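Let me begin by presenting the structure, written as structure tokens, before commenting on it.
One-based numbering along the sequence shown. Predicted model, so just to flag it, every value in this text is computed and none were measured. Every number for a ligand or one of its atoms is a count from 1 in the order of the listing. As a basis for the values below, the full set of heavy atoms in this structure was taken, side chains included, without hydrogen atoms, waters or symmetry mates.
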Amino acid sequence: MQDLIAALRRALGEDGVLSAGEARERLPEGSGAQVLLLPRSTEQVSQALALCQRAGCAVVPQGGLTGLVQGTATGPSEVALSLARLRQIEELDRLNRCMTVQAGVPLEAAQAAAEAEGLLLPVDLGARGSATIGGMISTNAGGNRVLRFGMMRDSVLGLEAVLADGTVIDSRSKLLKNNTGYDLKQLFVGTEGTLGVVTRAVLRLRQLPAFRGTALVALDSFAHVLQLLARMEARLFNTLSSFEVMWQPFYRLVTSAPARGRPILGTEHPYYVLLETLGMDAEKDQEALAAALAEAEGEGLISGAVLAQSGAQRRQMWALRDDVEQLHRYGPAFAYDVSLSLEAMEGYVSRVEQQLRERFTEHRLYVFGHLADGNLHVVVQVPELTAYDRVSEIVYSALASRNSSVSAEHGIGLLKKRELARSRSAPELELMRTLKRALDPANILNPGKIFEPAR
Ligand code: ZN
């Protein structure tokens, strides 16, 4: 290890290799890494990986450390690799509506740069201040606007990545259409740094909306939630961009002290939906949203609605949905991120609720999430801190369908490795291992994440 560290210092410079002590604040909690690498360029990433592969030393790439599945956990014989110094916005191409950024650029900075040119980088999530573009590509991040703009994958036109042996793959195409053989960039999207390290990306931008319409709606049955979604998709075609649901216990949690939020609509309803439109005409769009809600109310689909009249009111509504800190109010809680088809959701949540009631003397269940994407966040709090496996079994076994996923947008990392086979078939897992062997034969890139290496 000491020879390798000396070689890395020669390649990256003294300040490009921090000891664990120097890097403590920059490493994930509980990290066992002896050093943190802070390369300044793609070339330095390439040199570092080549040196590590030759020494047989594992490398764990990290972005903004906002992941939730221990994707950057590092053992004592592993080296952590941060892309934090690769933080330049290299180009903003207004004509072709795209931007080229380095991997360490935080989402918020990329969004602001696009906005300054009248353009929108549509992917958005609560951790926008720290989450980096490279990390979001490696984990194929989702968030609040997937319904309209897709996941991170759908905003990546091209990228540059470094393979385990240091080879730089420059796939920085700006083209929307490019059917010239394998779409190699996809090897690095959502593969959690196990096949290569993303160093640059070309991101697709859209027209910056001139108007954001936001409404909070209360509903008295889940059937009405589904009908409302279909109705809003039809009435607000091309502008509907978020359709978030909160089950009553979550809504009550985030609207009661010590939470800062207060009920915008009474807390007696079983479901609340936060919906948002992004459009170009403030007057017409606000009218269309108001009309669609009035129509739904007239037909008894919804039991109450508040349309945000100002930016402050809009932020108040989103603050409720985003106040996930409250989930730990009564002690540590277990968080899950599942996908399932819309018609299965209501039954799924009641199955989980019933099993928790049967197996624990006390429990709290909070459900919320990106309903239109089929993605629910399920958070369970029980007094037994060691009950993670038992709670997980309840949450995952209730999925029990081919058309479901144990991880909608958070990835697998270490945390969900054991559950992967619930959502993927044996031939699928074997194909993943074949790809891993082909791209990283020495198994040095984020080893042991997602799945165990081939036997
Ligand atoms: Zn989410």
Side-chain angles (χ1 to χ4, degrees), residues 63-72 106-108 111 121-133 135-155 189-190 192 214 216 225 229 240-247 249-251 253-254 259 261 271-276 278 315 317-328 333-342 344-345 348-349 352 365-381 392 395-396 399 404-413 415-416 419 423:
L65 301 179
T66 60
L68 297 166
V69 293
Q70 299 165 7
T72 53
L107 172 61
E108 202 166 46
Q111 285 173 331
L121 174 57
V123 179
D124 190 37
L125 37 79
R128 61 185 74 77
S130 351
T132 62
I133 297 299
M136 290 177 63
I137 291 174
S138 303
T139 55
N140 188 28
N144 300 333
R145 295 178 186 152
V146 174
L147 148 71
R148 179 153 163 212
F149 300 105
M151 295 181 70
M152 192 64 186
R153 186 187 304 287
D154 300 287
S155 287
V189 183
E192 302 187 31
T214 311
L216 183 71
V225 174
L229 172 60
L240 185 67
S241 53
S242 297
F243 193 95
E244 299 285 310
V245 70
M246 295 173 266
W247 261 248
F250 179 90
Y251 185 75
L253 182 78
V254 297
Y271 303 97
Y272 298 83
V273 167
L274 177 58
L275 56 90
E276 191 157 274
L278 296 174
R315 283 188 291 277
M317 291 178 180
W318 276 103
L320 298 182
R321 161 64 182 80
D322 288 339
D323 194 4
V324 290
E325 270 172 44
Q326 298 303 319
L327 295 165
H328 301 279
F334 307 130
Y336 303 91
D337 161 46
V338 300
S339 262
L340 64 169
S341 54
L342 294 173
M345 271 182 191
Y348 170 74
V349 173
V352 169
L365 171 65
Y366 302 109
V367 183
F368 61 104
H370 321 288
L371 183 116
D373 313 338
N375 178 190
L376 294 181
H377 295 315
V378 175
V379 175
V380 179
Q381 197 263 322
S392 299
V395 169
Y396 292 133
L399 284 173
S404 67
S405 169
V406 296
S407 187
E409 58 177 5
H410 293 170
I412 296 295
L415 189 68
K416 297 190 183 177
E419 317 300 341
S423 296

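- Taking CZ from R145 and CG from D124, the interatomic distance works out to 4.5 Å, rounded to the nearest 0.5 Å.
- In this structure, F368 and F250 have parallel ring planes: the angle between them is below the 30° cut-off, well short of the 60° mark.
- Distances shorter than 2.8 Å separate the Zn ion (ligand 1) from the protein N/O/S atoms H370 NE2, H377 NE2, E409 OE2.
- Of all heavy-atom pairs spanning A141 and M151, the tightest one is O-CB, 3.6 Å.
- Between H370 and H377, the ring planes lie perpendicular to each other; the angle is over 60°, past the 30° to 60° tilted range.
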Residue pair W247, L365: steps toward the side chain to side chain contact (heavy atoms under 4.5 Å, CB included) verdict
CA-CA 10 Å; W247 261 248; L365 171 65; over 6 Å; no
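- Between the E409 side chain and the D337 main chain, no donor and acceptor come within less than 3.5 Å of each other.
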